[in-house]
Amino acid sequence: MSPRPAGHVLVEALIAQGVHTVFGVPGESYLAVLDGFHQHREQIRFIACRQEGGAAFMAEAQGKLSGRPGICFVTRGPGATNASIGLHTAFQDSTPMILFIGQVASDQRDREAFQEVDYRQMFGPGTLGMAKWVGEVQDADRLPEYISRAFHTALQGRPGPVVLVLPEDMLTQLSAAPVLARAEPAQAWPAPGALRDLRARLIAAQRPLVIAGGSGWDAEAARALQRFAENWNLPVGCGFRFQDTFDNRHANYAGDVGIGINPKLAQRVKDADLIIALGVRLGEMTTGGYTLITPPKAAQQLVHIHAGPEELGRVFAADLMLQSSMASAAKALEALAAPTSVPWADWTAAAQADYQANHQAPAVAPLDMAVVMKTVQRLAPADTVYTNGAGNYSGWLHRYVRYFGLQHHGRTQLAPTSGAMGYGFPAAVGAALLHPERTVVNIAGDGDFLMTGQELATATGYGAGQGAGRLISIVVDNGSYGTIRMHQEREYPGRVSGSDLFNPDFAAMARAFGWRAALVERTEDFEAAFAQALQPGAPMLIHLKLDADVSTSRSTLSAIRNAALQAGR
Ligand SMILES: Cc1ncc(C[n+]2csc(CCOP(=O)(O)OP(=O)(O)O)c2C)c(N)n1
């Protein structure tokens, strides 16, 4: 291997890992890496974003879609602080991701040099919730070793984000070190004894329920989960924002166990006598604020299957814990011999009937979000990727879109369990750039959209949505940080503070970035606008103006306020 700058070694190492697209905002701290991207521009591209938060969200979305670490490059201090939201989102979603941060030169360290931050302190595993590992590469010859470790760490056990810090002077050192081969995560298998135990518990159950989700799934695992559910006729719910783990069209589907849960499903989770939590952490949103399944010892019998040993027994003292990768767990469950009949056939049928009933919605005028969501799904291709950030508006998407199981089209839901506003739009841009053949539909709130809306420029500049698939953003404008307004009306009825928004003309804004755009204020006008968005051409933003009183898919602000006033708040 002939000597070349470490910045080039880094890019070669990424190519060896199968990376072809990275997202970032450039900085003078890692010019040698940018030069490496130029050197290898036929094999890998650097997407220059408009803010590091957008870049990190695009990389996170890449990680979610591909199951391989999404890659983001940012500069020191200001770049790293901007990118931190994407890192946190990757952590909460268990998404494999690597954030590379340019660092001050080694001979300037610890002087609070220009933009200097100690990233091991800032993101270190000790902060619980930002990164699985933070490494700083001091020696150019060891760069391949650090990159290999970063990929393995991001992928193995509970997947998640890793930070690699790159001192500026290290990146310009010459190194003849060869890069290492592509990292493949080691699989963990459930022990045969534990599987026998699980089977015995299932045989003894009356009202079992599977809650599936988390990361680390692939098409084969999703297929195996479906066959397990069919063999045992089990009802299956999906964890919060992992709605594409189990096919929403399947007769065993019970609905999503997340924010705005179907009240009937919430009751079913409580009534279950055996819960098999498969791949989910059972976080706050999947447990109804830890009320449906209560820690440390749940009222229901709990079998917890997770790839990360540190998650088992951390919050819930489960009756049976299996550390296993999703692929091997699902295959083992599929192979469990099922009885010829089970006593819970009516329970499973009722779970499905509740899900179907929850799909029905009373008509709302003048703009009916349930009809909007159903129209989107009726017209959009089956493999469409749906993205969202945080806000009440996402409730309509979660309730009315029926996600395919990921055995059909891979992941079709990109949504932050971290509840990070601003996620959905850059996630959509990232998805459209990675998969030009797929249509991507982002649903955003008015507050949500303007947190990262500047990535309109990135989409236009790199031709997102210009392949066989379209890129469409639907901005739901209710003139407020509606979720917070809802909470205010509940807790402090009528006392509005800090939640009103002044909004631009979103359609004019999109056009200024080279997008097509339309304003829709009535249900009957939506279908034509969305059909136009599906036609070839520039990406399209549809600005939906919603009555300010519309709050969630289940209630209005005035109803929430009146209920709070009547309750004496
Ligand atoms: C980055 C970030 N900041 C603040 C919040 C707190 N928060 C949650 S929802 C919300 C309002 C969202 O408003 P909008 O996008 O307009 O959607 P709506 O609730 O009105 O449907 C806020 C401020 C958050 N989740 N993320």
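Indexing begins at 1, ligand by ligand and atom by atom, following the structure's order. Here the structure is a predicted model, which means the values were calculated and not measured.
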Novice: What protein heavy atom sits nearest atom 17 (O) of ligand 1, and how far off is it?
Specialist: Tyr393 CD2, 3.5 Å
Novice: May I ask you to decide if Gly422's main-chain N or O and Asp448's side chain share a donor-acceptor pair within less than 3.5 Å?
Specialist: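 Checking the backbone N and O of Gly422 against the side chain of Asp448, a donor-acceptor pair under 3.5 Å is found.
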Novice: Classify the angle between the aromatic ring planes of His306 and His304 as parallel (below 30°), tilted (30 to 60°) or perpendicular (above 60°).
Specialist: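 Answer is perpendicular, since the angle exceeds 60°.
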Novice: Under a 3.5 Å distance rule, please check whether Arg438 uses its side chain to pair with a backbone N or O of Thr384 as donor and acceptor.
Specialist: no
Novice: Classify the contact between Val476 and ligand 1 as side chain, backbone, both or neither, using a heavy-atom distance cut-off of under 4.0 Å.
Specialist: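 Looking at Val476 and ligand 1, no heavy atom falls under 4.0 Å.
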Novice: Please write down residue, atom name and distance for the protein heavy atom closest to atom 8 (C) of ligand 1.
Specialist: Ile484 CD1, 4.0 Å
Novice: With heavy atoms of Asn478 as the reference, note each atom of ligand 1 found under 4.0 Å away.
Specialist: 20 (O)
Novice: Under 4.0 Å, counting heavy atoms only: does Gly422 come that close to any atom of ligand 1?
Specialist: no
Novice: Can you find an N/O atom of Ile85 closer than 3.5 Å to an N/O atom of ligand 1?
Specialist: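 The answer is no, given that Ile85 and ligand 1 share no N or O pair closer than 3.5 Å.
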Novice: With side chain to side chain donor-acceptor pair (under 3.5 Å) as the test, would you mind laying out the steps for Arg399 and Ser553 before giving the verdict?
Specialist: CA-CA 8 Å; Arg399 182 168 169 190; Ser553 77; 3.2 Å; yes
Novice: So does Phe513 get a backbone contact from the side chain of Thr460, meaning a donor-acceptor N/O pair under 3.5 Å?
Specialist: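 At least one qualifying donor-acceptor pair exists.
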Novice: For Asp446 and ligand 1, does the shortest N/O to N/O distance drop below 3.5 Å?
Specialist: yes
Novice: Tell me every residue that passes ring-ring contact (aromatic ring centres under 6.0 Å, His included) with Phe240, counting only those two or more places apart in sequence or in another chain.
Specialist: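 Counting only residues at least two positions away or on another chain, Phe240 forms no ring-ring contact (aromatic ring centres under 6.0 Å, His included).
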Novice: Would a line drawn from the ring center of Phe100 to the ring center of Tyr30 be shorter than 6.0 Å?
Specialist: no
Novice: Using a strict cut-off of 4.0 Å, indicate which atoms of ligand 1 neighbour a heavy atom of Asn392.
Specialist: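 Ligand 1 atoms under the 4.0 Å threshold to Asn392: 18 (P), 19 (O), 21 (O).
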Novice: Residue-level breakdown please: for Ser394 versus ligand 1, do any non-hydrogen atoms fall below 4.0 Å on the side chain, on the backbone, on both, or on neither?
Specialist: neither
Novice: Measure the distance from atom 25 (N) of ligand 1 to every protein heavy atom, then report the residue, atom name and distance (to 0.1 Å) of the closest one.
Specialist: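 Protein heavy atom at minimum distance: Gly419 O, 2.8 Å.
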Novice: Any idea which protein heavy atom is nearest atom 19 (O) of ligand 1, and the distance to it?
Specialist: Thr483 OG1, 2.5 Å
Novice: At a 4.0 Å threshold, what atoms of ligand 1 neighbour a non-hydrogen atom of Ser480?
Specialist: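 Every atom of ligand 1 under 4.0 Å from some heavy atom of Ser480: 16 (O), 20 (O).
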Novice: Run the side chain to side chain donor-acceptor pair (under 3.5 Å) test against Ser394 and tell me which residues pass, sequence neighbours left out.
Specialist: Arg241
Novice: Has Arg569 got its NZ or CZ under 6.0 Å from the middle of the six-membered ring of Tyr492, at an angle within 45 degrees of the ring axis?
Specialist: no
Novice: Considering only non-hydrogen protein atoms, determine which one is nearest to atom 14 (P) of ligand 1 and report residue, atom name and distance to 0.1 Å.
Specialist: Gly447 N, 3.7 Å
Novice: Starting from atom 15 (O) of ligand 1, what is the nearest protein heavy atom, named by residue and atom, and what distance separates them?
Specialist: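 Result: Asp448 N, 2.8 Å.
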Novice: Determine the interplanar angle of the His543 and Phe506 rings, folded into 0 to 90°, and report it as parallel if under 30°, tilted if 30 to 60°, perpendicular if over 60°.
Specialist: perpendicular
Novice: Polar-atom distance check: Gly482 versus ligand 1, any N or O pair below 3.5 Å?
Specialist: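 Yes; the residue has a nitrogen or oxygen that sits under 3.5 Å from a nitrogen or oxygen of the ligand.
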Novice: Measure the distance from atom 13 (O) of ligand 1 to every protein heavy atom, then report the residue, atom name and distance (to 0.1 Å) of the closest one.
Specialist: Tyr481 CA, 3.5 Å
Novice: Which option wins on minimum heavy-atom distance to atom 2 (C) of ligand 1: His88, Met369, His487, Met421?
Specialist: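 When every heavy atom of His88, Met369, His487, Met421 is considered, Met421 comes closest to atom 2 (C) of ligand 1.
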Novice: Donor-acceptor check, side chain of Gln413 to backbone of Gln243, threshold 3.5 angstrom: yes or no?
Specialist: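 Yes, Gln413 side chain to Gln243 backbone: donor-acceptor pair under 3.5 Å.
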